[in-house]
Amino acid sequence: MIKSVFLGTFAAAGLAAGVAGAATLDDVKANDVLKCGISTGLAGFSAPDANGVWQGFDVAVCRAVAAAVLGDSNKIEFVPLTTQTRFTALGSGEIDLLSRNTTWTFTRDVDLKQTFVGVNYYDGQGFMIRKDMGVGSATELDGATVCIQTGTTTELNLSDYFRVNNMDYDPVPIETNNEAIQQYQAGACDVYTTDASGLAATRATFEDAEAHMILPEIISKEPLGPVVRHGDDQWADIVRWTLNALIAAEEYGVTSANLEKMAEGTDNPEINRLLGNEGNLGEMLGLDAEFARRAIAVAGNYGEIFASNIGEGTPIGLARGLNAQWTQGGLMYSPPFR
């Protein structure tokens, strides 16, 4: 979703990445805790529940990695981060993993030198308005005031879209989603723009949710996924293949309900390798054979995690769309476990 456009932020995070690049697995094991960077609060993705326990779609990735590496999904220190602080926190070693609705872009990958290990949600930028504005398309927003997180790709996309469509807008700068909600609901802006999933999550928290609508236009590609420090290939592989395990489990029908039974062995060699009773895939990562089995056991496979946190049966109400399995017309696809 979001990328700092300030060179100072890039330089600080990039230099820190070089200092704190390697041996993350050793550090996590020595500390017996995974330090995971998350958002400051986005319903369905990462937000504390009534008991103050962090829950959500992005949180589930953190818990799966903790289970894979430390054998316990609760051995986590969650670190809430803003769009401005997330990359510096990762590069400096304050966190071991960033799982915070963050878009994979060329500049972040190559210049900022962060390693994106995969995509856990394919998204795009959208617009939310009050229905009583009488607007049905983003092309009708000429002259609107727009709440926008500063220093982000969202900000750049917005500028491009309005320029291409020969429209003007007045930006209302905000730093966090909570601030955006306050400004938008107070009438300080006509429009709130961010990733469409974030808009759906935000709208679901409104008491008058039906009074607001998300316009049909999606104006960007926003592949969101977990991020680790550049230069530590082993740790990147661990997080990458933990995420892949969740995706592959859905494809092969491994669920929270049948996991223990299937872990006893099946007639599908791919499932057997995934769950650790054939081959030595875990050993190649510096883990044991059952790392993926533990990751899946935390909250189920990718589809189960999606459904329970942000799916159509939740207040967020997101359809699978591009995030369906490749066998169902979506883009979710794990490389082979072999």
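Please read these numbers as outputs of a predicted model, since none were measured by experiment.
- Residues Gln149 and Thr154 fail the side-chain proximity criterion, which asks for heavy atoms closer than 4.5 Å.
- In this structure the side chain of Ser220 never reaches within 4.5 angstrom of the side chain of Tyr161, judged on heavy atoms.
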Check your understanding: Where do Thr314 and Asn309 land on the side-chain contact (heavy atoms from CB on, under 4.5 Å) test, with the steps shown first?
Key -> CA-CA 7 Å; Thr314 71; Asn309 288 288; 5.9 Å; no
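- Using a 4.5 Å cut-off on side-chain heavy atoms (C-beta onward), Ile247 and Gln325 make contact.
- In this structure a side-chain-to-backbone donor-acceptor pair under 3.5 Å is present from Asp142 to Asp168.
- A distance-only check finds a donor-acceptor pair linking the side chain of Arg63 to the backbone of Ser73 [under 3.5 Å].
- Judged by distance alone, with hydrogens and angles left aside, the side-chain atoms of Asp232 form a donor-acceptor pair with the main-chain N or O of Ala23 at under 3.5 Å.
- Within the model, atoms CG of Leu97 and CD1 of Ile238 stand 11.5 Å from one another, a figure rounded to the nearest 0.5 Å.
- Between Gln125 and the choices Thr193, Asp195, Thr153, the side-chain hydrogen bond (donor to acceptor under 3.5 Å, both in side chains) rule is met once, by Thr193.
- Of the inter-residue distances, the one linking Ile76 atom CD1 with Leu34 atom CG reads 5.5 Å to the nearest 0.5 angstrom.
- When side chains are defined from C-beta on, Arg293 counts as touching Glu260, because their heavy atoms get closer than 4.5 Å.
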Practice item. Determine, stepwise, if the pair Ser159 / Tyr169 fulfils side-chain contact (heavy atoms from CB on, under 4.5 Å). Key: CA-CA 9 Å; Ser159 176; Tyr169 68 97; 3.8 Å; yes
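- Within the 4.5 Å cutoff, the side chain of Leu141 has heavy atoms near those of the Leu215 side chain.
- The minimum heavy-atom distance linking Leu274 with Ala292 is given by the pair O-CB, 3.2 Å.
- Counting only distance, with no hydrogens or angles, the side chain of Arg86 and the backbone of Gly37 share no donor-acceptor pair below 3.5 Å.
- When all heavy atoms of Phe337 and Arg273 are compared, the pair lying nearest together is O-NE, 2.6 Å.
- Lys75 has a carboxylate O that lies under 4.0 Å from a charged side-chain N of Asp32, or vice versa, which qualifies the two as a salt bridge.
- Hydrophobic clustering (ILVMFWY, side-chain heavy atoms < 4.5 Å, transitive): Ile129 and Met167 are in one cluster.
- Atoms CG and OG1, from Leu112 and Thr88 in turn, are 8.0 Å apart once rounded to the nearest 0.5 Å.
- Glu304 approaches Gly300 most closely through the heavy-atom pair OE1-CA, 3.1 Å.
- Thr145 and Asp190 are linked by a side-chain donor-acceptor pair at a separation below 3.5 angstrom, with hydrogens and angles left out of the test.
- Phe206 and Phe127 are not part of a single hydrophobic cluster, where members link through side-chain heavy atoms under 4.5 Å apart.
- There is a side-chain donor-acceptor pair under 3.5 Å between Glu222 and Asn157.
- Side-chain contact between Thr202 and Leu42: present, with at least one pair of heavy atoms (C-beta onward) separated by less than 4.5 Å.
- A distance of 7.0 Å separates CE of Met332 from CG of Leu243, quoted to the nearest 0.5 Å.
- Counting heavy atoms from C-beta on, the side chains of Ser39 and Phe45 never come closer than 4.5 Å.
- One side chain, Thr139 or Ser137, offers a donor N or O that lies under 3.5 Å from an acceptor on the other.
- Ser334 and Glu251 share no donor-acceptor pair across their side chains, judged by distance under 3.5 Å alone.
- We find the OG1-NZ distance between Thr107 and Lys113 to be 11.5 Å, quoted to the nearest 0.5 Å.
- The backbone N or O of Val53 sits less than 3.5 Å from a side-chain atom of Asp49, completing a donor-acceptor pair.
- Using modelled atom types, no side-chain atom of Ser256 and backbone atom of Ala299 make a donor-acceptor pair closer than 3.5 Å.
- In the hydrophobic clustering of ILVMFWY residues, with side-chain heavy atoms under 4.5 Å counting as a link, Ile305 and Tyr252 come out together.
- Within the 4.5 Å cutoff, no side-chain heavy atoms of Asn101 are placed close to those of Tyr121.
- In plain terms, the two heavy atoms of Val28 and Trp235 that are nearest each other are CG2-CH2, 3.9 Å.
- Trp326 and Leu246 sit in two unconnected hydrophobic clusters of ILVMFWY residues. Membership requires side-chain heavy atoms under 4.5 Å apart, directly or through other members.
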Exercise for review: Test Val228 against Asp96 for side-chain contact (heavy atoms from CB on, under 4.5 Å), laying out the working first.
Suggested key: CA-CA 7 Å; Val228 298; Asp96 307 305; over 6 Å; no
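- Note on ring orientation: taking the six-membered ring where Trp is involved, the planes of Phe116 and Trp104 are parallel (angle under 30°, cut-offs 30° and 60°).
- Within 6.0 Å of CD in Glu278 there are more than 12 heavy atoms belonging to other residues, nucleotides or ligands.
- Cluster membership check: Tyr122 shares its hydrophobic cluster with Val227, using side-chain heavy-atom separations under 4.5 Å among Ile, Leu, Val, Met, Phe, Trp and Tyr.
- Side-chain N or O atoms of Glu217 include one that pairs as donor or acceptor with a backbone N or O of Ala138 at under 3.5 Å.
- Side-chain N or O atoms of Thr40 include none that pairs as donor or acceptor with a backbone N or O of Leu81 at under 3.5 Å.
- Asp288 has a carboxylate O that lies under 4.0 Å from a charged side-chain N of Arg294, or vice versa, which qualifies the two as a salt bridge.
- Between Lys29 and Asp26, no side-chain nitrogen of the basic residue sits less than 4.0 Å from a carboxylate oxygen of the acidic one, so the salt-bridge criterion is not met.
- A pairwise comparison of heavy atoms in Val61 and Pro226 identifies CG1-CG, 3.9 Å as the closest pair.
- Between Cys147 and Tyr192 the shortest heavy-atom distance is O-CD1, 3.4 Å.
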Check your understanding: Given Leu158 and Val146, is the side-chain contact (heavy atoms from CB on, under 4.5 Å) satisfied, shown in steps?
Key -> CA-CA 9 Å; Leu158 178 67; Val146 183; 3.8 Å; yes
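- By the neighbour-count criterion of 12 heavy atoms within 6.0 Å, atom NZ of Lys131 is densely surrounded, having more than that number from other residues, nucleotides or ligands.
- With values rounded to the nearest 0.5 angstrom, Trp54 atom CH2 is found 12.5 Å from Glu77 atom CD.
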